Every structure is written in structure tokens, then in C-alpha cells.
Protein chains: 2
Amino acid sequence: MLKEERFRVILSQLGQDHKVHLAELSNVLKVSEDTVRRDIKELADQGLLKSVRGGAVPHSPGPHHFKDRVEYGNEQKRIIANKALRFVKDGQVAIFDGGTSAMLIAQGLPKDMHLTVVTNSFPIASILEEHEKVEVLFAGGRLLKNSFVTIGNETIQYFRKFRADICFSGICSIHPELGVTGPDYEESEVKRAMVESSREIIALSTVEKLGTAEAYYVCPTNQLTTIITDQPDNLDVFEIYKSMGIKMV
Amino acid sequence: MLKEERFRVILSQLGQDHKVHLAELSNVLKVSEDTVRRDIKELADQGLLKSVRGGAVPHSPGPHHFKDRVEYGNEQKRIIANKALRFVKDGQVAIFDGGTSAMLIAQGLPKDMHLTVVTNSFPIASILEEHEKVEVLFAGGRLLKNSFVTIGNETIQYFRKFRADICFSGICSIHPELGVTGPDYEESEVKRAMVESSREIIALSTVEKLGTAEAYYVCPTNQLTTIITDQPDNLDVFEIYKSMGIKMV
DNA sequence: TTAAATATTGCAAATTATTGCAAATAGTAT
DNA sequence: ATACTATTTGCAATAATTTGCAATATTTAA
């Protein structure tokens, strides 16, 4: 088999799956992983792909570039996302935060739903590319590289300009008296801006986070409209929140 | 068997399989591998195919759906990017626009260079993820989905907040009297904001774009500091720009 | 932190290219 | 047809490239 044939296979699979693995290619092409590695290096030098540990990804970041970073395996979050989808209605303005839960919601949105989404998350913007009727308004700011979200004062100011119908905010700690809190100062500040810019606030959490608190304050608990967890809606721990007028799902 | 007949067979098989192997052809054509090699060399000289180790592949290689990626390897733009890299200095604040030229520059930046990059392009932000010492400030705004850049008033306002050292702006039309112009209204507006926020402005263009004009105005030509093209710096057409105090590279 | 997975490097074997050359072939003018 | 020349072909020696392997780093995940 010619080297060029291997190149074709590699690029072709990359075009299809948006990623290739060394071991897999080694099997398919019947050559050693070393050779595949060398092939990938050569293609990378030509700018045709980007070599990464264990394989390669497309070099020009297309629609799927950020999506592929997500772990979709988490069943809890998937349950939460499915529950959350019921709350979005056609024509709304929605704020999505940068967590993986919100990402799964975006992923699950009907392709023909008309929506305006305000977000500070590259992955979410990337996912919504395929949703033709969704207009994406992206919050500028300083880029947090590992998580691909923007933060900082600019981001906050951007969210403040909106009055959204609904806001999906990922897992923070929620405590009846201590309020909603998060582990990172700047991200918590951004979350507050999101929450304060929205009429309806859907908190996405797991039961373990209920009744706990962390260092940085986001908002009072009674500001939440709904708390979505991965559990049935009739747990005892939910009572205190229900009594505060929060819908538990 | 005539040489021409062999040529026919080779090209025919190439059209069918997108590849030919020396050993295989040697069998089919009943001639030595050396002869096949020489045949292929001759066809390659005529530009009818591309000779590779062990055989040959079509001259414009690869399936068509990779055209966009192949365009990435565009030699012209690579030349331009290499020239442009000399202008970036450690510690600067740089504005990058959303074109592929600017993308190639970002890609070529030394991994250890300390830099602040302001951009409205997802791909550029993504490329710069690996550059640990580069801080990325991302301009918010309405997301243009197909090209993954933000545009609109918000984007413009974001750029206006900066006073950058250097700005890399991709191919627009450049005319001595009519100024710098572009084919899209909103993108041209954003480009203007970028240009007006920077001390030094490096225009990335090809010689064909020089002396032409399009519908939407970006800035006066003499506002440009440098024009980088894929050609040597001593062309006659460059004189008019040099006389305006613009550095031609 | 350790343990596992992946990368890098150097190297020898296998494959393919290149070169020079002599024999075979084809073309041409007598 | 013959002699002559130019081209083509196959072969052999040599050079270059590619490939897989093993030993050694390096990175990642737990």
C-alpha cells in the first residue's frame, strides 16, 4: 500500500469522525503505529491535520472541534439535560453557561427550534452551529483556555445587556440559607451576571450538591426558579426548596 | 506494446483507483518496473499524475471534500504568513482578524512568545490554545456561523476598547485613492474598528487585490503601515504604495 | 506520587530510486 | 534490404527512503 493511500484513508476518516486514533489506524492500514505516527506527522507538517497525543484531529477548527472535547458518557448529566429540554420554548432568549450540563442541553435542542442563545462557551456556540434557526450571541472577554469559556469584566458587562427569558446554569453548590455558591471567583461572578439577566433560572445540579456551599457567592437560593437533578422529584431533601417556591424536577 | 498504450492503461487505472503500483503495472504491462517507473516519470513531467514512491497518484490528490483543508496549505498564504511573523515582537498586544492568512500567522507564532491577542475568530482562539504565554481576549458579538467569527456592534465596541501595537488584517482590496475596501458590510465595519485600534497595521494581501476596490470602505490606504504579499518586494505596482510611505514586503 | 499510555530516538532490514551501460528496437536515408 | 542513428528497454550496482523494533523519555490518569 502506498503511503499516499494511507494518507487518503487517514484524511478521509478524519473528515468523517473528526478524529483518528493511532491504534485503530494501525489495524486498518496494517502498518505499525510508528508508521501511522510518522504519517500523521507528515500530514501535520503540510497543515492538513493536527497531530495530538494518540492520534490526530482536523487542523482547522470546524463545527465539531470543541464538541469532541466533551465527555458524553455521564448518564446523570444526560438525565438532567433531558429534563431541562422541556423548559425551553420556541422563540425565547436563553442564556447558557459553560458547563457540560448546558452543553448536553444545547446538543438536545430540536434542530428546527427558533431561539436566541447568549453564551460565553465555545463548545456551546460550536454545537449550535448546526441549528440554523438559533442565533448565537457570544460574550466576549478573557479566554479561559482549558475550558474554552470567556470570563472577566467584559463578559459580565455583555450579559448585563440582556434580559433573557431563561437561563441554564450548571452545577454549583446550593444551600437554603447560604445561597448558590461556586469554587471559582471569576466564574461565580459571571454566573451572577447570567442569573441576574434572566427571568427564569434553571439550576442544573446533582443531589449531592444540595445543602453544600463553597467559597464564592452567586445569588440567593430563592432567586432560582427551578432546580433540576438526576433524581425523582419527591425526595425529602427537596422539601425545604419547594417551601421556598422553587420547582424541583 | 507501444509506450502510448501503456500510458493509456496507466492513466485509465489511475482514474479508476486513484492510485497505481509499480509492481502491479509491471505485471499487467509485461515490462520491467524500471520501464513503468520511466513511464510514470514522463507522465508526471506532463503534469498528468504525481509520481510517488512505489507508484503514482492523481496529480491533484485527495477527495474533493477536503478542498477546504487543502486550501489551508495554500502556498501563497503560507509565504505571506512567514513574512508576517517577523513583525510580531514579544510582549506586544496584537489584533488578529478572522481570515485564513491571519490563522496561518497564529499557527506560526513561536510557542514561547509572550503576547496578548485580541480577536473575533474562533479558529484563531483555538490555535492559540497551545501557546501558553499568549493571553486571548475574545470579542463578543453575533456569531457568523459558517466562518466562526463574531460581528456586529458589540464586536466593534470591544475592539474600540483597545490600543494594540499591531494588527494583522486579511485580504481586502487595496486602491491608492479609493482606500481599503471589502465585499461585506458588517465585516468591513469590524475591520475598520480593528484598524483604528492599532498603532501598526499589517495588511495581508495578494498582488491581484492591489489597485482594486469593492463596495464597503474600511480605511484610507495610507493608514496601512505595511502590505505583505506573496511576491518579491520590488514590483513596479508597489511603487505607488511605497511613495505613500507604506512598507511593501 | 505511581503506573499506564504514548512519544521519541537510533538503528538495521526491507523496499524503492537512481545511475550507467549494453542489448534490443524502431526510424531513416541510401 | 542495409547501414546508421536515436530511442527504448532491462539489468546491475549503488544510493536513498521507508519501515518496524527496541530502548528511553515524556505525558496522562488515577
Side-chain angles (χ1 to χ4, degrees), chain A residues 1-11 13-14 17-59 65-66 68-77 100 144-148 183 208, chain B residues 1-11 13-14 17-59 61 111-112 129-133:
Chain A
M1 188 181 235
L2 298 177
K3 191 165 63 169
E4 282 67 21
E5 293 183 65
R6 295 201 307 267
F7 285 4
R8 263 171 50 83
V9 172
I10 293 172
L11 289 174
Q13 185 173 336
L14 198 61
D17 303 345
H18 309 285
K19 69 188 175 201
V20 287
H21 290 274
L22 284 180
E24 205 177 308
L25 284 174
S26 170
N27 266 326
V28 173
L29 300 172
K30 311 289 179 199
V31 291
S32 73
E33 292 198 9
D34 300 75
T35 299
V36 177
R37 199 173 282 120
R38 278 183 278 232
D39 285 350
I40 285 176
K41 184 173 187 304
E42 201 173 328
L43 291 168
D45 287 343
Q46 293 178 41
L48 296 174
L49 50 71
K50 182 172 141 197
S51 171
V52 299
R53 188 183 180 80
V57 294
H59 196 186
H65 183 74
F66 301 102
D68 293 339
R69 297 169 181 278
V70 188
E71 268 186 46
Y72 288 111
N74 193 323
E75 196 51 37
Q76 287 185 332
K77 287 187 177 172
T100 44
L144 261 191
K145 291 185 176 175
N146 36 354
S147 55
F148 273 105
E208 298 91 58
Chain B
M1 184 179 247
L2 258 45
K3 191 161 68 165
E4 311 301 331
E5 291 184 66
R6 294 201 307 268
F7 284 6
R8 251 180 15 79
V9 173
I10 293 172
L11 288 175
Q13 184 173 337
L14 195 62
D17 301 346
H18 296 271
K19 82 204 174 195
V20 286
H21 294 255
L22 282 181
E24 205 177 308
L25 283 174
S26 170
N27 267 325
V28 173
L29 301 172
K30 310 291 178 197
V31 291
S32 72
E33 293 198 7
D34 300 75
T35 299
V36 178
R37 221 191 306 279
R38 278 184 278 235
D39 286 350
I40 285 177
K41 185 170 187 302
E42 203 173 327
L43 290 168
D45 287 342
Q46 295 178 40
L48 296 173
L49 49 71
K50 182 175 161 200
S51 170
V52 300
R53 177 171 242 261
V57 292
H59 191 251
K111 287 274 197 288
D112 60 344
E129 194 211 5
E130 294 154 7
H131 298 246
E132 286 188 19
K133 296 187 177 172

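Reminder, nothing fancy here: chain letters follow the sequence lines and each chain counts from 1. As the structure is a prediction and not an experimental result, all values here were calculated from the model.
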Pairing of Lys41(A) and Asp45(A) as salt bridge, 4.0 angstrom limit: yes
Check: Ser51(B) side chain, Ala56(B) main-chain N or O, donor-acceptor pair, under 3.5 Å: no
Atom-to-atom span, CZ of Arg37(A) to C1' of dA7(C) - whole angstrom: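 Rounded to the whole Å, the gap is 6 Å.
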d(CD, Glu5(B); C1', dT25(C)) in whole Å: 15 Å
Heavy-atom neighbours of Glu132(B) CD exceed 12 at 6.0 Å: no
Residue that, paired with Val36(B), satisfies side chain to side chain contact (heavy atoms under 4.5 Å, CB included) out of Val28(B), Asn27(B), Val31(B):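 Single pass found, and it is Val31(B).
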Among Val57(B), Leu43(B), Val20(B), side chain to side chain contact (heavy atoms under 4.5 Å, CB included) partner for Leu49(B): Leu43(B)
Under 4.0 Å protein heavy-atom contacts per nucleotide of nucleotides 18-30 of chain D, with B for base, S for backbone only and - for none: SBBBB----BS--
